[in-house]
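Both ligands and their constituent atoms are indexed starting at 1 by order of listing. Numbers here are sequence positions counted from 1.
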Amino acid sequence: MIKQDLLDFSFDELQDFCRDNNIPKFRASQIWSWMYCFGLKSFENMNNVSKISREFFNNISFISRPEISEMQKSKDGTIKWLLKLNDNSEVETVYIPQDDRGTVCLSSQVGCTLNCSFCHTGTQTLVRNLTSGEIVGQLMIVMDHLNDWPSGKNNRKVTNIVMMGMGEPLLNYDQVCKAIKIMMSEDGIAISRRRITLSTSGIIPNIEKTGIDLGVNLAISLHAVNDELRNKLVPINKKYNLENLINSCKNYPKLSNSRRITWEYVMLKDVNDNSEDAINLIKLIRGIPSKINLIPFNPWPGSFFEASTQKKIDNFAKILMCAGFASPIRKPRGQDIYAACGQLKSNSEKIRKSQINKLVPIHNF
Ligand code: SAH
Ligand code: SF4
C-alpha cells in the first residue's frame with residue numbers, strides 16, 4: 001500500500017481522509033494542529049491522539065519534508081537551501097533575516113518555462129510544477145531549522161512569505177493557491193495574507209483570481225515600460241501585453257493606499273535605466289496604488305547584462321520619488337551564495353564547482 005503524505009492535504013481533504021478510513025473527524029483537527037502549529041514530523045508525540053489511532057495513521061500515512069541536499073549561509077545572514085524532491089529534482093528556498101522581519105522566499109516550480117532574458121532560473125531546462133506539499137514543505141524546513149515552532153509563539157523568526165523563488169506561481173495556480181491557504185490557516189502556521197506577497201511576470205488570466213481567492217499582496221515583474229523592450233526581457237509579454245497587464249492590475253481586488261501593487265523593476269545598464277524610462281513608468285502606472293521596487297541586476301555566470309551604475313539607480317529612484325512613488329532600492333541579499341533575486345537555479349553543478357571557493361557551505365548532506 002502506498003502511504004499518503006499528509007502535507008499534500010488541505011484541511012478539508014484531511015477530514016475526508018479520516019472519514020474514508022473510519023477515523024473520527026476531530027482527529028483531523030488534532031493532527032492538523034500537531035503538523036502546523038507544532039511542526040511534528042511523526043505521530044509518536046501526538047499525545048492527545050490514542051495509541052491505536054497513532055499506529056493506524058502511521059500505517060497509512062506520513063508527514064514529509066523535502067530532503068536537504070545542501071544548506072549555505074551568506075555572510076549577511078541569508079540562508080539558502082537546496083532541497084531534493086521525491087523524483088530527485090531540486091528547488092531552492094531562501095530565508096532573509098532583516099531587522100523588523102524574517103522573510104522566506106519560496107519556489108513554485110522546478111525551473112521556469114518563461115525564459116526572461118536576465119533570469120538564471122529561466123535557463124534551467126527541467127521544469128515541473130511543485131505540489132502544494134512541496135511548497136509548504138519548503139517553509140517547514142526553514143521553520144524546523146530556525147526552531148520556529150510552535151507557530152503561535154512571540155518573536156517568530158519567519159514573519160513574511162514571498163513567492164519569488166524559482167518558477168512562475170501563476171502557471172501553477174491550483175497548487176500555489178492550496179499551499180498559500182495552508183500557510184495562512186489560523187489553526188496552523190497562521191501567516192497573515194498581509195504578510196504574503198506573490199510575484200508574477202504577468203499571467204493575466206490568474207491575476208484577479210489571486211486577489212479574490214487569496215487576497216495576498218501582488219508584485220508584478222514589470223522591468224520595461226514599452227512592449228518592444230518588454231517582449232525581449234519578459235517574453236510572456238508577447239502573449240499578455242502591457243496594456244492588458246496594467247488593466248488587470250487596476251482591477252486587482254481591494255487595492256488601496258495601504259494595499260498597493262509592488263512593481264519590480266530590475267535595473268539593467270543602458271537597457272531600461274534612463275530618465276525617460278522612469279518618466280514613462282510613472283505615466284504607465286498613474287492612478288494605481290503602487291510602490292516600485294528597484295532591483296539592482298544580480299549577475300550570474302553566463303548572463304550578458306550588466307548592473308546599472310549606482311548613479312543611474314539613484315537618479316531613477318529620485319524621479320519616481322518626486323512623482324510621489326515609494327521606490328525603495330532592493331538591497332541584494334545572499335549574493336555570495338547565489339541566493340539573490342533571479343540567481344536561483346537548482347541543477348547548478350557547474351556553478352557550484354566553479355564558485356566553490358566563494359561559498360560558505362555550512363552543511364553538506
Ligand atoms: N516568476 C516570478 C517570481 C520569481 S522571480 C516573477 O518573475 O515574478 C522574483 C523577481 O526577481 C522577479 O521580479 C524577477 O524578474 C527578478 N529577477 C530575475 N532575475 C533577476 C536578476 N538576475 N537580478 C535581479 N532580479 C531578477
Ligand atoms: Fe521565470 Fe520569473 Fe525568472 Fe521570468 S523572472 S524566467 S517568470 S522565474
Side-chain angles (χ1 to χ4, degrees), residues 80 91-94 96 103-130 135 138 160-173 176 179-180 196-204 206-207 210 216-224 229-240 245 248-249 261-269 271-273 281 291-308 313 328-335 338-346 348 351:
K80 181 172 88 170
V91 290
E92 294 185 317
T93 304
V94 182
I96 308 149
T103 304
V104 175
C105 178
L106 297 176
S107 294
S108 55
Q109 298 181 304
V110 175
C112 183
T113 50
L114 296 184
N115 299 321
C116 299
S117 48
F118 50 85
C119 174
H120 202 197
T121 308
T123 65
Q124 188 171 323
T125 42
L126 178 75
V127 182
R128 77 160 170 88
N129 282 336
L130 297 185
I135 299 169
Q138 296 171 59
N160 290 54
I161 293 172
V162 292
M163 297 300 303
M164 292 188 185
M166 297 164 65
E168 169 47 58
L170 296 191
L171 286 182
N172 183 16
Y173 187 78
V176 165
I180 291 180
I196 300 178
T197 301
L198 182 147
S199 172
T200 177
S201 55
I203 309 301
I204 293 177
N206 286 336
I207 287 183
T210 301
V216 295
N217 302 312
L218 182 69
I220 300 285
S221 292
L222 192 64
H223 310 314
L229 179 59
R230 197 163 191 269
N231 286 346
K232 289 187 192 140
L233 297 180
V234 186
I236 194 68
N237 191 71
K238 292 180 205 152
K239 188 164 181 190
Y240 303 119
L245 177 60
S248 75
C249 290
I261 289 189
T262 301
W263 305 93
E264 297 166 281
Y265 196 94
V266 61
M267 298 294 293
L268 304 168
K269 186 176 181 185
V271 174
N272 64 357
D273 61 354
L281 173 56
K291 54 187 162 197
I292 300 154
N293 219 320
L294 298 179
I295 315 174
F297 171 65
N298 293 309
W300 36 273
S303 59
F304 39 77
F305 292 102
E306 280 178 68
S308 301
I313 299 178
I329 299 164
R330 192 182 288 175
K331 199 169 147 216
R333 297 293 305 262
Q335 253 181 334
Y338 281 93
C341 294
Q343 291 185 312
L344 304 184
K345 183 184 181 185
S346 59
S348 47
I351 305 151

Taking only non-hydrogen atoms of Glu168 and a 4.0 Å limit, the atoms of ligand 1 in range are 1 (N), 2 (C)
(message) Strictly distance-based, threshold 3.5 Å: is any side-chain N or O of Ser308 a donor or acceptor partner for the main-chain N or O of Asp273?
(response) no
* Take every heavy atom of Trp300, measure it against each atom of ligand 1, and state whether any distance is under 4.0 Å. => yes
> Are any of the side-chain heavy atoms of Leu245 and Ile207 separated by less than 4.5 Å?
Replying inline: yes
Please work out which of the three classes, parallel, tilted or perpendicular, describes the rings of Tyr265 and His223, given edges at 30° and 60°.
tilted
For Val266, the ligand 1 atoms with a heavy-atom partner under 4.0 Å come out as 23 (N), 24 (C), 25 (N)
Under 4.0 Å between heavy atoms, the region of Asn115 that gets near ligand 2 turns out to be backbone
Of Ser199, Cys112, Ser108, Gly202, the one whose closest heavy atom lies nearest atom 2 (C) of ligand 1 is Ser199
Those residues at least two apart in sequence (or on a different chain) that pass side-chain hydrogen bond (donor to acceptor under 3.5 Å, both in side chains) with Asn172 are none
Going by the 4.0 angstrom heavy-atom rule, the piece of Ile295 near ligand 1 is side chain
- Check: Glu264 N/O within less than 3.5 Å of ligand 1 N/O: yes
- Hey, does the side chain of Ser107 reach the backbone of Met166 with a donor-acceptor pair shorter than 3.5 angstrom? yes
If we number the atoms of ligand 1 from 1 as shown, the ones under 4.0 Å from a heavy atom of Ser221 are 6 (C), 7 (O), 8 (O), 12 (C), 13 (O), 14 (C), 15 (O)
Per-atom filter on ligand 1: closer than 4.0 angstrom to a heavy atom of Cys119 are 18 (C), 19 (N)
Rounded to the nearest 0.5 angstrom, the CG-CH2 distance for Leu281 and Trp263 is 8.5 Å
If we number the atoms of ligand 1 from 1 as shown, the ones under 4.0 Å from a heavy atom of Gly165 are 4 (C)
In this structure, CD1 of Ile236 is separated from OG of Ser201 (nearest 0.5 Å) by 6.0 Å
Residues pairing under salt bridge (Lys or Arg N to Asp or Glu O under 4.0 Å) where one sits in residues 114-128, two or more places apart or in two chains, turn out to be Asp87-Arg128, Arg128-Glu134
Here the atoms of ligand 2 under 4.0 Å from any heavy atom belonging to Ser201 are 7 (S)
Taking only non-hydrogen atoms of Leu114 and a 4.0 Å limit, the atoms of ligand 2 in range are 7 (S)
Counting C-beta onward and ignoring hydrogens, is there a side-chain heavy-atom pair between Met163 and Ile180 closer than 4.5 Å? yes
Determine whether Gln138 and Leu130 make a side-chain contact, defined as any pair of heavy atoms from C-beta on separated by less than 4.5 Å.
yes
- Got a sec: is Cys112 within less than 2.8 Å of atom 4 (Fe) of ligand 2 via an N/O/S atom? no
Atoms of ligand 1 under 4.0 Å from any heavy atom of Phe118, numbered from 1 in the order shown, are 15 (O), 17 (N), 18 (C), 19 (N), 20 (C), 21 (C), 22 (N)
At under 4.0 Å between heavy atoms, what of Cys119 touches ligand 2? The answer is side chain
Counting heavy atoms under 4.0 Å, the part of Leu114 that contacts ligand 1 is neither
message = Hydrogens and angles aside, do Thr200 and Glu168 bring a side-chain donor and acceptor to less than 3.5 Å of each other?
response = yes
Under 4.0 Å from one or more heavy atoms of His223, ligand 1 contributes atoms 13 (O), 14 (C), 15 (O)
So for ligand 1, is Pro296 a polar contact partner (N or O within less than 3.5 Å, distance only)?
no
Under 4.0 Å from one or more heavy atoms of Gly167, ligand 1 contributes atoms 1 (N), 2 (C), 3 (C), 4 (C)
Checklist line | Residue pair Leu106 / Ile161, side-chain heavy-atom distance below 4.5 Å | finding: yes
